[in-house]
Amino acid sequence: MAVLVTGGAGYIGSHMVLSLLKEAYEVVVVDNFCNSSPEALRRVCSIAERECSVVEGDIRDEAFLDKVFKENDITEVLHFAGLKAVGESVSAPLKYYDNNITGTLTLCRVMQRAGVRNLVFSSSATVYGDAKNMPISEDCPTGTPTNPYGRSKLIVEEILRDVAKSDPEWSIALLRYFNPVGAHESGLIGEDPMGEPNNLVPYVAQVAVGRRPRLSIFGGDYQTKDGTGVRDYIHVEDLVAGHLAAMKKLATEKGAKIWNLGTGHGSSVLEVVEAFQRVSGRDISYTIIDRREGDIPECWADPSHAKKELGWAATKSLNDMMADTWRWQSKNPDGYRS
Ligand code: NAD
Ligand code: UD1
């Protein structure tokens with residue numbers, strides 16, 4: 001019996017694979033390495049002192065995926081594979097819809113043929129759009145995502161809800177991540193964006209390590225505690241624990257379920273910068289510039305539904321998240337190419 005992890009070489013997927021190996025699961029990873037390195041999985045196996053099976057390929061290749069299911073006794077799927085760069089999704093929408101939507105449709109067809117109907121999907125708080133009331137609970141209506149990446153997540157959620165309705169044998173978790181950051185405590189695996197980082201924490205880490213001269217803070221005039229954007233940063237290890245809890249729940253419950261994975265606490269950009277300076281002892285130069293198009297002022301989760309139904313809650317502080325990011329970045333200044 002094995003768990004299939006699509007996109008298992010990526011940032012979140014690699015932390016998930018490590019945790020599954022430690023929990024004694026057999027793991028099969030499918031990844032085309034379009035945004036990751038096989039080195040991540042080599043390190044995961046060395047930390048876990050166990051092997052996982054790695055199959056290089058694209059989830060949109062139906063014959064390839066059929067073969068993976070035929071050759072392995074897969075009982076459940078954690079589906080991380082997808083493209084996630086918001087800016088690129090605006091300039092290349094077809095690429096994003098094809099990868100994120102066609103990829104999921106192909107996966108579901110293959111799962112159905114193989115008789116595997118347990119699926120955990122990586123969704124995002126972006127599906128709430130610009131929610132007016134904080135914190136955001138799962139019964140807050142979904143909004144209008146401001147870009148094709150966000151729309152692809154919302155469309156896939158709707159497709160998966162329809163799939164679950166069509167056949168009561170499906171058990172599907174739609175996990176809405178808030179802002180995953182941090183790294184495994186070993187400092188051997190972490191987030192390794194290609195090119196200029198789009199997200200705050202990897203950018204701050206690259207300034208701290210000297211790869212970038214300064215951070216641009218997008219907007220200092222929001223109606224927030226200090227004028228900068230507020231987000232619910234969640235440690236990737238807490239996020240992974242949420243997936244394990246969701247997998248266990250799906251083993252006993254059918255249908256499509258939605259859970260927010262966040263801490264319930266919002267931090268501003270300046271608070272993140274201060275925390276990073278504190279743990280790293282490095283000065284983070286920054287300039288406050290105009291707002292970034294499509295950004296919302298603030299966003300944080302009501303995580304009580306996951307606490308009640310999954311018995312899961314995030315445990316790590318902003319300091320922990322920044323300290324673990326710094327350990328990873330300082331040990332691997334050029335990421336997996338270091
Ligand atoms: P990532 O880019 O590090 O990992 C995605 C992995 O999927 C990569 O290893 C990539 O090579 C692989 N991949 C992409 N398309 C593929 C395809 N067609 N076939 C096979 N492999 C493919 O991203 P991540 O940060 O680990 O995110 C994982 C998932 O979580 C994504 O679906 C993302 O949209 C979602 N998510 C991420 C965040 C975040 O802030 N990181 C927030 C919300 C949701
Ligand atoms: C972004 C995406 C969102 C996606 C999420 C995770 C946009 C508009 N939204 O969310 O769809 O699900 O990443 O991949 O891109 N910031 C700076 N300077 C920077 C980078 C960010 O000031 O160089 C600020 C942002 O304005 C925001 C906060 O830091 O206030 C967090 O930004 P980011 O890490 O990009 O995450 P989100 O905007 O929440």
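Counting starts at 1 for both ligands and their atoms, following the listed order.
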Should the pair Tyr149 and Tyr96 be assigned to parallel (<30°), tilted (30 to 60°) or perpendicular (>60°) ring geometry? perpendicular

Are more than 12 heavy atoms, taken from residues, nucleotides or ligands other than Asp290, located less than 6.0 Å from that residue's CG atom? no

min-distance protein heavy atom vs atom 35 (O) of ligand 2 -> Arg292 NH2, 2.8 Å

Spatial distance of atom CZ (Phe178) from atom CH2 (Trp300) [nearest 0.5 Å]: 11.0 Å

Is Lys307 atom NZ crowded by more than 12 heavy atoms from other residues, nucleotides or ligands, each under 6.0 Å away? no

Min side-chain heavy-atom separation Val163-Arg117 under 4.5 Å: no

What residue and heavy atom of the protein are closest to atom 19 (C) of ligand 2, and at what distance? Phe218 CE1, 3.3 Å

Give the contacting part of Phe33 toward ligand 1: side chain, backbone, both or neither, where contact means a heavy-atom distance below 4.0 Å. backbone

Could you see which bit of Val86 sits under 4.0 Å from ligand 2, with heavy atoms only: side chain, backbone, both or neither? side chain

Would you kindly specify which portion of Asn179 sits under 4.0 Å from ligand 2, judged on non-hydrogen atoms: side chain, backbone, both or neither? side chain

Ligand-residue contact atoms, ligand 1 with Cys34, heavy atoms, under 4.0 Å: 10 (C), 11 (O), 13 (N), 14 (C), 15 (N)

Look only at interatomic distance and state if Tyr177 has a nitrogen or oxygen under 3.5 Å from any nitrogen or oxygen of ligand 1. no

Might you confirm whether atom CD of Glu293 has over 12 heavy atoms from other residues, nucleotides or ligands at distances under 6.0 Å? no

Going by atom types alone, do Thr263 and Tyr233 pair a side-chain donor with an acceptor below 3.5 Å? no

Quick one: look at Pro180 and ligand 2, take heavy-atom pairs under 4.0 Å, and tell me if it's side chain, backbone, both or neither. neither

Which is closest to atom 44 (C) of ligand 1 by heavy-atom distance: Pro180, Pro38, Ser123? Ser123

Got the closest protein heavy atom to atom 5 (C) of ligand 1, with its distance? Gly82 O, 3.9 Å

Could you identify the single nearest non-hydrogen protein atom to atom 4 (O) of ligand 1 and state the distance to 0.1 Å? Gly10 CA, 3.4 Å

For atom 19 (N) of ligand 1, which protein heavy atom lies nearest, and how many Å away is it? Ile59 N, 3.1 Å

For Ala40 and ligand 1, answer yes if some heavy atom of the residue is under 4.0 Å from a ligand atom, otherwise no. no

Should Glu293 be counted as touching ligand 2, given the test is an N or O pair under 3.5 Å? no

Look at atom 3 (O) of ligand 1 and say which protein heavy atom is nearest, naming residue and atom and giving the distance to 0.1 Å. Tyr11 N, 2.8 Å

Are any of the side-chain heavy atoms of Leu83 and Cys34 separated by less than 4.5 Å? yes

Restricting to non-hydrogen atoms, name the atom on Gly262 and the atom on Pro303 that form the minimum distance, rounded to 0.1 Å. O-CB, 3.4 Å

Can you sort out which atoms of ligand 1 are near Asn99, meaning under 4.0 Å from one of its heavy atoms? 15 (N), 16 (C), 17 (C), 18 (N)

Can you list the ligand 2 atoms lying under 4.0 Å from a non-hydrogen atom of Tyr149? 4 (C), 11 (O), 12 (O)

Would you say NZ of Lys165 has more than 12 non-hydrogen atoms from neighbouring residues, nucleotides or ligands within 6.0 angstrom? no

Cut-off 3.5 Å, side chains only: do His305 and Ser137 have a donor facing an acceptor? no

Checking contacts here: is it the side chain or the backbone of Tyr222 that comes within 4.0 Å of ligand 2, counting heavy atoms only? Could be both or neither. neither

Closest to atom 9 (O) of ligand 1 among Leu261, Asp31, Ile12 (heavy-atom distance): Asp31

Would you mind running through ligand 1 and noting each atom that sits below 4.0 Å from a heavy atom of Gly57? 19 (N), 20 (C)

So, for Ala9 and Asp31, which heavy atoms are closest and what is the spacing to 0.1 Å? N-OD2, 3.1 Å

If hydrophobic clusters are built from ILVMFWY residues whose side chains come within less than 4.5 Å, do Leu250 and Val27 share one? yes

Quick note on ligand 2: atoms under 4.0 Å from a heavy atom of Asn198 include exactly 20 (C), 35 (O)

Ile59 side chain near Leu65 side chain, heavy-atom distance below 4.5 Å: yes

When you measure from atom 5 (C) of ligand 2 to each heavy atom in Val127, Asn199, Thr228, which option holds the nearest one? Asn199

What about Val201: any of its N or O atoms under 3.5 Å from an N or O on ligand 2? no

What I want to check is whether the side chains of Arg43 and Asn332 have a donor and an acceptor closer together than 3.5 Å. yes

Would you mind checking which non-hydrogen protein atom is closest to atom 13 (N) of ligand 1, with the distance to 0.1 Å? Asn32 OD1, 3.5 Å

Checking heavy atoms under 4.0 Å, the part of Arg291 that sits near ligand 2 is neither

Is any N or O atom of Ser36, backbone or side chain, closer than 3.5 Å to an N or O atom of ligand 1? yes

Shortest protein heavy-atom distance from atom 28 (C) of ligand 1, along with the residue and atom involved: Phe80 O, 3.5 Å

Anything under 30° is parallel, anything over 60° is perpendicular, the rest tilted; go ahead and classify Tyr336 against Trp328. tilted

Between Ala9 and ligand 1, is there a nitrogen or oxygen pair with a distance under 3.5 Å? no

Residue part near ligand 1, for Lys153, under 4.0 Å between non-hydrogen atoms: side chain

among protein heavy atoms, the one nearest atom 34 (O) of ligand 1 is Tyr149 OH, 2.9 Å

Show the atoms of ligand 1 that are less than 4.0 angstrom away from any heavy atom in Ser122. 29 (C), 30 (O), 32 (O), 35 (C)

Should the pair Arg113 and Phe69 be classed as cation-pi, given the thresholds of under 6.0 Å to the six-membered ring centre and 45° from the axis? no

Could you walk me through whether Met111 and Asn118 pass side chain to side chain contact (heavy atoms under 4.5 Å, CB included), step by step? CA-CA 9 Å; Met111 286 178 68; Asn118 272 23; 5.7 Å; no

If you measure every N or O of Ser124 against every N or O of ligand 2, does any of those distances drop under 3.5 Å? yes

Which segment of Thr126 sits under 4.0 Å of ligand 2 when only heavy atoms are counted: side chain

Can you check which of Gly219, Ala85, Gly229 brings a heavy atom nearest to atom 30 (O) of ligand 2? Gly229

Record the part of Leu215 in heavy-atom contact with ligand 2 below 4.0 Å; permitted values are side chain, backbone, both and neither. side chain

Distance filter under 4.0 Å to Asp295 heavy atoms, resulting ligand 2 atoms: 7 (C), 8 (C), 25 (C), 26 (O), 38 (O)

